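This report refers to the structure that appears directly beneath it.
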Amino acid sequence: MQLKTTAEVWGSVAKFLHWSIAILVILMMIGGKTMGDLPNGPDKMWVYSMHKSMGLTILALMLLRLVWRLFDPRPAAPPGLGKLARTASRTVHASFYVLLIVMPISGWLYNSASNFPLKWFGLFSVPALSGPDKELKHFAHEVHETVFLIILGVLVLHVAAALKHHFIDRDSVLRRMLPFVRPRSGDTR
Amino acid sequence: MKRLPIVVSLGFACALLVGFSVEAADWTQQTGSTLKFRGEQQGEAFEGGFGRFESKISFDPAALETAKFDVSIDITSADTANSERDETMLGADFFDSARFPKAQFSTGTFREIAPGRYEAEATLRIRDKSVALKFPFSWTAAADGAELRAEVELNRLDFDIGTGDWEDADSVGHKVVVMVRLLLKPAA
């Protein structure tokens, strides 16, 4: 198993972080959009506490990923990739780092300003980022909802680009991030 | 005719005594008095309080048999600094403040349990449930008044607060600690 990223393929640490965060983010986006409609009760409270715990998990994974990214190289860009595409790719990836860190922090802040307790999967208490504060609560909620929409947009671009690389450009950009896929030798296309 | 002044003065003395003891034993609640509670949500403590409550306090440490507390609590003034939680708490599953806007606390007999510490047999009615409980408190007299402090542990289920799906102690703890601090001035 190749832990670190090479010129040909993403390392397994980067792959693990990418896919675990991807799955969590998609679950969170679906859950987050629907959980508000649940009937008030202990079940709703449980769903919210799961949402909060998963959000904190994403935050931790994103911070790990950010640190790992500082030491781990990126695979080479496929040859012939235009300047605009390169800039677009860099922008989308950088946006994800910012958005997926801002998103859980805004949720955490929203929770703190709402004066709800927070226990990570019921295991340990997470400190509040602020005291009860109506204005801050409103602000954090606005950020949380706006960033949701931005993430949705960036996610669509990201997936569309991956599929374009795979099916139209027929290069290895998607394949080299897939789990359990070995690069073809010398495949840097 | 000779006796009259004695009768009159005795009567006067009695009236004076009664007058004094009544005046000395009646107290009015001052601003700064608090009625707070501490509960648990998903294993984490939270605190709240009632912004509006009225206490009628008659208390003289030297005449416990005359002591009487009557406190009326405005349930709608409950506040835990969390609008979602407060809404649920005042809703039909918990306090149901629309149907039961007031809680009532009243005492029976008092006894001294230690210097400056007393205990009253009391009844607390929340919603339509009246529960008998012991109410231990401390009484500290000061130059211009007195201070009463008490801490009582209640079980919310005794009062049908949070029944049905909400009975689960993991989501909302059964134990609720009520903290009372009354700042009192002799009634005018």
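Chain identifiers are assigned alphabetically (A, B, ...) following the order of the sequence lines, protein sequences preceding nucleic acid strands; residue numbering begins at 1 within each chain. Every value quoted in this text rests on a predicted model; they were computed, and no experiment measured them.
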Counterpart residues, salt bridge (Lys or Arg N to Asp or Glu O under 4.0 Å), relative to B/Glu40 (two or more places apart): none
Quick check: are there more than 12 heavy atoms from other residues, nucleotides or ligands sitting under 6.0 Å from CD of B/Glu65? yes
Could you name the residues of residues 81-107 of chain B that have a heavy atom within less than 4.5 Å of a heavy atom in chain A? B/Ala81, B/Asn82, B/Ser83, B/Glu84, B/Arg85, B/Thr88
From B/Gln42 CD over to A/Trp46 CH2, what is the distance, rounded to the nearest 0.5 angstrom? 10.5 Å
Using the rule that two of Ile, Leu, Val, Met, Phe, Trp, Tyr join whenever any of their side-chain heavy atoms come within less than 4.5 Å, decide whether A/Trp120 and A/Met62 are in one cluster. yes
Are more than 12 heavy atoms, taken from residues, nucleotides or ligands other than A/His138, located less than 6.0 Å from that residue's NE2 atom? no
What part of A/Lys137 lies closer than 4.5 angstrom to a heavy atom of chain B: side chain, backbone, both or neither? side chain
Is the number of heavy atoms from other residues, nucleotides or ligands under 6.0 Å of A/Arg90 CZ greater than 12? no
Output side-chain donor-acceptor pairs under 3.5 Å for residues 169-188 of chain B, partner residues at least two apart or in another chain, one line each.
residue	atom	partner	partner atom	Å
B/Ser171	OG	B/Asp168	O	3.1
B/His174	NE2	B/Glu167	O	2.5
B/Arg181	NE	B/Glu147	OE2	3.0

Between A/Gly41, A/Pro132, A/Ala113, who has the most heavy-atom pairs with chain B when the cutoff is under 4.5 Å? A/Gly41
Do any side-chain atoms of residues 17-28 of chain A form donor-acceptor pairs under 3.5 angstrom with protein atoms, and if so which ones, sequence neighbours left out?
residue	atom	partner	partner atom	Å
A/Trp19	NE1	A/Met177	O	2.8
A/Ser20	OG	A/Phe16	O	2.7
A/Ser20	OG	A/Leu17	O	3.4

